[in-house]
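Below, each value reflects all heavy atoms present in this structure, side chains not excepted, and no hydrogens, waters or symmetry copies. Protein chains get the first letters and strands the later ones, always in sequence-line order, with residue 1 at the start of each.
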Protein chains: 2
Amino acid sequence: MNTKYIGFESPGVTVDLVIFTVNEDQLKVMLVRRAESPFDGFWSLPGGFLKIGESLDAAAHRVLCEKSGVDDVYMEQLYTFGEPKRDPRSRVITVAYIALIPWQHLPQPESTKVTDLTWLPVDHLPKLAFDHKEIINYAVSRLRAKVSYSNIVYGLMPKQFRLSELQSMYECIINDKLDKRNFRKRMLATGLLKETGKKDHAGAHRPAMLYQFKSKEIVFF
Amino acid sequence: MNTKYIGFESPGVTVDLVIFTVNEDQLKVMLVRRAESPFDGFWSLPGGFLKIGESLDAAAHRVLCEKSGVDDVYMEQLYTFGEPKRDPRSRVITVAYIALIPWQHLPQPESTKVTDLTWLPVDHLPKLAFDHKEIINYAVSRLRAKVSYSNIVYGLMPKQFRLSELQSMYECIINDKLDKRNFRKRMLATGLLKETGKKDHAGAHRPAMLYQFKSKEIVFF
DNA sequence: ATACTTAGTGTTCATTTTACACTTAGTATA
DNA sequence: TATACTAAGTGTAAAATGAACACTAAGTAT
């Protein structure tokens with residue numbers, strides 16, 4: 001903050017969103033197809049330039065709404081990427097955000113026609129535009145770490161759910177199996193869940209109690 | 001990344017450094033006195049504008065060297081602050097970094113004359129320029145958290161040290177007392193320390209074995 | 001009525017964490 | 001040179017936590 005202003009030399013500033021969901025037992029990330037050079041036709045993270053007068057968080061929310069049609073989701077700033085050559089056209093630094101959306105909350109596409117938006121499993125990504133794969137990898141490692149010391153998975157669950165669904169969510173993210181009894185004990189011991197009283201009668205088997213979170217607040221253990 | 005370039009509307013981009021050291025059993029942060037409006041005369045974080053062609057990390061290192069005269073220290077990106085009004089003059093977003101410097105490695109000021117640089121304890125800060133107090137508070141909470149699940153304190157220790165000094169370092173940062181025997185057991189159990197063979201004969205008491213880190217690598221537990 | 005499927009539940013053992021007090025090896029001083 | 005002083009250095013027992021493990025319950029479908 002001690003240097004003189006040299007406004008016209010300023011880099012461009014964007015926000016890019018790593019929007020996660022879990023579907024078909026896979027952790028997936030939202031990608032949009034670029035329709036211009038550079039990386040024309042490549043998948044990339046949804047993002048956009050920061051507007052003057054707009055906070056970083058506001059810009060991230062704006063992009064989130066534009067692309068997902070959803071607001072009111074868990075979102076946090078991830079990291080700021082600023083290698084000089086990360087955009088081949090000119091200097092652009094990007095502030096990356098993580099967002100979590102329950103699959104059930106997403107407006108489902110009407111048909112299977114090719115669109116410029118997709119959800120791909122994080123462990124099988126094609127070549128992406130810019131440094132977006134690096135950004136996603138960092139986001140995935142942050143998410144995987146955070147799952148184990150917080151209740152951040154809240155952001156990916158529907159309002160009501162079976163404990164087995166919650167367990168499955170954890171297993172998808174950390175990519176490992178958990179012991180059912182220990183998992184239930186631990187979850188109920190947090191005191192963050194409550195029974196809804198309702199039961200889920202799906203399937204030819206004993207119905208499951210539906211649970212929900214007492215609060216949407218994120219807690220660190 | 002889907003919007004058009006509007007280069008001349010770009011916000012300014014700075015890096016600001018929260019440089020920590022521990023001295024006199026207190027966690028302290030480096031501050032520089034502003035010599036211009038706004039906040040003329042207030043203490044502020046060392047920082048500067050990002051140069052075109054310079055990566056964020058490089059800019060942070062440049063500022064670090066300018067102000068501390070030290071390189072080769074632990075540094076990590078903290079968070080990017082971008083509220084529209086955080087700089088009253090114009091739109092500036094700042095990428096904040098944390099750096100750790102052992103007190104012993106700092107070039108000591110020759111005299112006690114008033115300078116434009118100081119180290120103040122993080123828990124007793126005066127009013128600071130911009131949103132710098134908020135940035136410091138966030139940095140302190142990050143540091144305090146990270147101390148408990150990594151060996152990040154390496155960054156604050158001199159090359160060789162007594163175990164009691166290491167313990168004291170932990171205690172200063174987390175602001176709590178630790179049990180001596182448990183602390184030693186835990187530290188030695190990590191396998192990251194080695195005896196130097198040398199002993200520290202300071203003081204009228206049994207001399208202490210001097211230890212050092214096997215590697216400067218940061219490890220998460 | 002029977003088969004099928006997921007829901008739901010406790011205990012034991014191993015490991016980790018915590019609490020806690022005395023002896024040792026020097027330096028300083030009388 | 002004997003004594004006092006100070007921080008260094010060490011082990012164990014109890015408590016808490018984490019990990020492994022298998023059967024019964026309650027529905028739906030045939």
query: For B:L64, which of B:V15, B:V70, B:I19 qualifies under side chain to side chain contact (heavy atoms under 4.5 Å, CB included)?
result: B:I19
message: Strictly below 4.0 Å, N to O, side chains only: are B:E134 and B:R86 in salt-bridge contact?
response: no
Atom pairs under 3.5 Å: protein N/O with N/O of nucleotides 23-27 of chain D:
residue : atom : partner : partner atom : Å
D:dA25  : O4'  : A:R206  : NH1          : 3.3
D:dA25  : N3   : A:R206  : NH1          : 3.4
D:dA26  : O4'  : A:R206  : NE           : 3.4
D:dA26  : N3   : A:R206  : N            : 3.1
D:dG27  : N2   : A:A204  : O            : 2.5
D:dG27  : N2   : A:H205  : N            : 3.4

- prompt: Relative to each other, are the rings of B:F42 and B:F39 parallel, tilted or perpendicular (30° and 60° limits)?
  reply: perpendicular
- request: On DNA chain D, check which nucleotide each of B:M209 and A:A202 is closest to and give me the residue with the more 5' one.
  value: B:M209
task: Mind calculating the distance between CG (A:D179) and C1' (D:dT17) to the nearest angstrom?
output: 15 Å
statement: B:L188 atom CG is separated from D:dG9 atom C1', nearest whole Å, by 11 Å
message: How many whole angstroms separate atom CZ of B:F221 from atom P of C:dT16?
response: 15 Å
- prompt: With A:L210, which of A:K159, A:K198, A:K199, A:E195 fulfils side chain to side chain contact (heavy atoms under 4.5 Å, CB included)?
  reply: A:K198
field: OP1 or OP2 of C:dT6 under 4.0 Å from side-chain N/O of A:S164
entry: no
query: Taking the six-membered ring for Trp, are A:F213 and A:F161 ring centroids under 6.0 Å apart?
result: yes
query: Has the side chain of A:R181 got a donor or acceptor atom sitting under 3.5 Å from an opposite partner on the base of D:dA22?
result: yes
task: Evaluate the side-chain proximity of B:P126 to B:L120: yes if any heavy-atom separation is below 4.5 Å, no if none is.
output: yes
message: As a test of reading the structure: which of C:dA21, D:dT12, C:dA7 is closest to the side chain of B:K185, going by heavy atoms?
response: D:dT12
For residues 96-107 of chain B, which side-chain N or O atoms pair as donor and acceptor with protein atoms under 3.5 Å away, sequence neighbours left out?
residue : atom : partner : partner atom : Å
B:Y97   : OH   : B:D57   : N            : 3.3
B:Y97   : OH   : B:D57   : OD1          : 2.5

- request: Report the distance from atom CG of A:D200 to atom C1' of C:dT5, rounded to the nearest whole Å.
  value: 14 Å
query: Between atom CZ in B:F183 and atom P in C:dT17, what is the gap in whole Å?
result: 15 Å
- prompt: Rounded to whole angstrom units, what separation is found between the CZ atom of B:F161 and the C1' atom of D:dA8?
  reply: 16 Å
query: Whole Å only: how far is the CZ atom of A:R184 from the C1' atom of D:dA20?
result: 17 Å
- request: Could you check how far CE of B:M187 sits from C1' of D:dG9, rounded to whole Å?
  value: 17 Å
message: Please pick, from D:dA19, C:dT6, D:dA8, the nucleotide with the shortest atom-to-atom distance to any side-chain atom of A:N182.
response: D:dA19
- prompt: With a 4.5 Å heavy-atom cut-off, do B:I135 and B:L128 have their side chains touching?
  reply: no
field: Sole residue of B:L56, B:T94, B:V95, B:T14 in side chain to side chain contact (heavy atoms under 4.5 Å, CB included) with B:L50
entry: B:L56
- prompt: Counting any heavy atom closer than 4.0 Å, what does B:R162 reach on the DNA or RNA strands: base, sugar-phosphate only, or nothing?
  reply: sugar-phosphate
message: Please report the end-to-end axis angle for the helix from C:dA1-D:dT30 to C:dA30-D:dT1, five pairs per end, rounded to 10 degrees.
response: 0°
